[in-house]
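Contents: one structure, followed by commentary.
As the structure is a prediction and not an experimental result, all values here were calculated from the model. Proteins get letters first, then strands, A, B, ... in listed order; numbering begins at 1 in each.
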Amino acid sequence: MPELPEVETIRAGLARLLPQRKIEAVAVYDSPKSFPNGEEQTKQFLIGADVLRVRRRAKVLLIDLDTNYTLVVHLKMTGQLVFRGETNFGAGHPTDSLIGRLPDRSTRVQVDFIDGSHLFFNDQRKFGWIKLLPTQEVGYLSFFQKVGPEPLEETTTSEQFIGRVRRHNNMMIKPAILDQSVIAGVGNIYADEALWAAKIHPETRVGHLSDEQLNTLFKEIRAVLLLGIEKGGSTDKNYIDAEGRRGNYLSFARVFRREGQPCPVHPDQEIVKLKVAGRGTHICPVCQVVQ
DNA sequence: CACTTGACCTGTCCGC
DNA sequence: TGCGGACAGGTCAAGT
């Protein structure tokens with residue numbers, strides 16, 4: 001579920017909450033994809049380490065430790081990373097939280113800090129994972145070798161985006177922008193929102209789009225991701241931030257999950273849901289026409 | 001090689 | 001109310 005705005009919101013929360021806390025213990029409940037190099041050995045590497053900082057690249061969280069190791073976390077569809085301080089362990093969580101006392105039955109990994117606080121990795125569908133790697137080696141993960149530029153970095157340009165997306169001239173534009181090697185961090189929600197804003201039908205072939213249209217699309221990708229961050233991400237069923245709070249973006253979404261509702265600019269036209277490249281896709285058939 | 005499809009999992013929702 | 005099937009926001013391997 002989490003796309004760039006959700007992962008960034010979690011990162012910002014963890015960056016305030018985790019640094020300088022020292023790991024006392026780690027429990028792995030049921031997370032077959034986590035710690036592939038031996039659970040027990042990995043735990044020994046973790047115990048006694050302090051958290052230095054929390055970074056994000058694409059949809060991946062990087063928790064750097066003072067031992068030159070990094071916890072690499074991918075939340076995939078239903079992953080959550082929730083911090084509980086000593087004082088709000090249990091009943092003190094925010095009232096709008098989707099979850100109660102932790103650990104619960106979706107908790108896969110629990111990290112205890114010596115000050116009595118905890119970090120929980122919850123994941124209903126078990127697609128997500130946590131790996132421990134030497135910090136220097138994180139960049140060598142195959143995902144990071146091929147992942148595209150960060151859309152919100154000042155140094156990332158529209159020309160870079162256009163150059164990368166044009167490598168897939170035959171592909172439909174929606175699966176092209178979902179491809180993490182084209183641009184990092186866009187997922188199904190923000191893809192639909194950006195394509196609507198750019199007035200581009202998701203099934204249009206990249207080769208049929210002008211540079212001007214792709215430039216507009218890049219600007220709209222940036223805009224929807226920024227709005228997503230501003231609203232604390234999108235909560236449909238599962239997503240919560242590091243403190244258990246829901247995100248509000250979907251209240252501002254213009255097409256995603258709004259089938260049957262009026263298009264914001266064509267009040268007489270209903271948003272339609274279709275399937276594009278296997279993914280649920282939402283469009284205004286007047287705003288967005290296949291070229 | 002470029003692109004598409006199925007697999008990974010569990011939970012929920014919808015129609016019969 | 002019960003049950004089968006479709007579907008869910010991501011990525012990768014396998015297949016065409």
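If you check the side chains of Q145(A) and Y140(A), you find no donor sitting under 3.5 Å from an acceptor. Using modelled atom types and a 3.5 Å distance limit, the side chains of Q213(A) and Q291(A) yield a donor-acceptor pair. Residues N238(A) and T78(A) bring no donor and acceptor atom of their side chains to less than 3.5 Å of each other.
You'll find the side chain of F143(A) reaches within 4.5 Å of the side chain of Q180(A), heavy atoms only. Side chains of L178(A) and N188(A) form a contact here, defined as non-hydrogen atoms less than 4.5 Å apart. A 4.5 Å side-chain heavy-atom check between L132(A) and F45(A) finds at least one atom pair inside the cut-off. Between L141(A) and V60(A), every side-chain heavy-atom pair lies at or beyond the 4.5 Å cut-off.
Note on residues 185-198 of chain A: pairs passing salt bridge (charged side-chain N to carboxylate O under 4.0 Å, His left out), not counting sequence neighbours, are K174(A)-D192(A), E193(A)-R254(A). Under the ring-ring contact (aromatic ring centres under 6.0 Å, His included) criterion, the residue pairs touching residues 249-291 of chain A are Y190(A)-Y249(A), F256(A)-H282(A), with sequence neighbours excluded.
Across all strands shown, S142(A) has no heavy atoms under 4.0 Å from either base or sugar-phosphate atoms. Looking at heavy-atom distances under 4.0 Å, Y190(A) makes no contact with the nucleic acid at all.
For I189(A) and dG9(C), the CD1 to C1' distance is 5 Å, given to the nearest whole Å. One interatomic measurement links the two molecules: NZ of K33(A) to C1' of dG10(C), which rounds to 11 Å at whole-angstrom precision. Between E8(A) atom CD and dG9(C) atom P there is a gap of 22 Å when expressed in whole angstrom units. The nearest whole Å value for the distance from the CD atom in Q80(A) to the P atom in dG10(C) is 16 Å. Rounded to whole Å, atom C1' of dT11(C) lies 16 Å from atom CG of L61(A).
Running 5' to 3' along DNA chain B, contacts with non-hydrogen atoms of chain A at under 4.0 Å begin and end at dC3(B) to dG11(B).
For S158(A), the side chain to side chain contact (heavy atoms under 4.5 Å, CB included) test picks out I162(A), N215(A), F218(A), K219(A), with sequence neighbours left out. Under the side chain to side chain contact (heavy atoms under 4.5 Å, CB included) criterion, V290(A) pairs with H201(A), E203(A), T204(A), not counting sequence neighbours. Considering only residues two or more places apart in sequence or on other chains, E40(A) meets the side-chain hydrogen bond (donor to acceptor under 3.5 Å, both in side chains) condition with K43(A).
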Worksheet entry | Secondary structure string for DNA chain B (Watson-Crick or G-U under 3.5 angstrom, | for other-strand pairs) | .|||||||.|||||||
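If you take OG on S210(A) and CD1 on I200(A), they are separated by 7.5 Å, rounding to the nearest 0.5 Å. Atoms CZ and CZ, on R11(A) and R57(A) in that order, are 14.0 Å from each other to the nearest 0.5 Å. With rounding to the nearest 0.5 angstrom, the CZ atom of R257(A) is 10.5 Å from the OG atom of S234(A).
One finds no salt bridge joining D241(A) and R246(A) here, because no Lys/Arg side-chain nitrogen approaches an Asp/Glu carboxylate oxygen to under 4.0 Å. Note on R84(A) versus E243(A): no salt bridge recorded, every NZ/NE/NH1/NH2 to OD/OE distance being 4.0 Å or above.
Residues from residues 217-230 of chain A with heavy atoms under 4.0 angstrom of DNA chain C: there are none. Listed in residue order, the members of residues 129-141 of chain A having a heavy atom less than 4.0 Å from DNA chain C come to none. Residues of residues 169-180 of chain A having a heavy atom closer than 4.0 Å to DNA chain B, listed by number: N170(A), M171(A).
One P atom belongs to dG9(C), the other to dC14(B), and the distance between them is 16 Å to the nearest Å. dA6(C) and dG6(B) are spaced 12 Å apart, taking the P atom of each and rounding to whole Å. Remark: the separation of the P atoms in dG11(B) and dT1(C) is 22 Å, to the nearest Å.
Residue K146(A) places at least one side-chain N or O closer than 4.0 Å to OP1 or OP2 of dC12(C).
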Taking only N/O atoms, report every protein-nucleotides 4-8 of chain C pair under 3.5 Å with atom names and distance.
from: dA8(C); atom 1: OP1; to: K273(A); atom 2: NZ; distance (Å): 3.0
from: dA8(C); atom 1: N3; to: R125(A); atom 2: NH1; distance (Å): 3.3

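Of the residues near DNA chain B, K76(A) and R105(A), the one whose nearest nucleotide (by heavy atom distance) lies more toward the 5' end is K76(A).
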Going by atom type alone, with no hydrogens or angles, which donor-acceptor pairs under 3.5 Å involve a side-chain atom of residues 61-76 of chain A and a protein atom two or more places apart or on another chain?
from: D64(A); atom 1: OD1; to: R55(A); atom 2: NH2; distance (Å): 3.0
from: D64(A); atom 1: OD1; to: T70(A); atom 2: OG1; distance (Å): 2.6
from: D64(A); atom 1: OD2; to: R53(A); atom 2: NH1; distance (Å): 3.1
from: D64(A); atom 1: OD2; to: R55(A); atom 2: NE; distance (Å): 2.7
from: D64(A); atom 1: OD2; to: R55(A); atom 2: NH2; distance (Å): 3.3
from: D66(A); atom 1: OD1; to: D50(A); atom 2: N; distance (Å): 3.0
from: T70(A); atom 1: OG1; to: T135(A); atom 2: OG1; distance (Å): 2.7
from: H74(A); atom 1: ND1; to: K76(A); atom 2: N; distance (Å): 2.9

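Judged by distance alone, with hydrogens and angles left aside, the side-chain atoms of R56(A) form a donor-acceptor pair with the main-chain N or O of A58(A) at under 3.5 Å.
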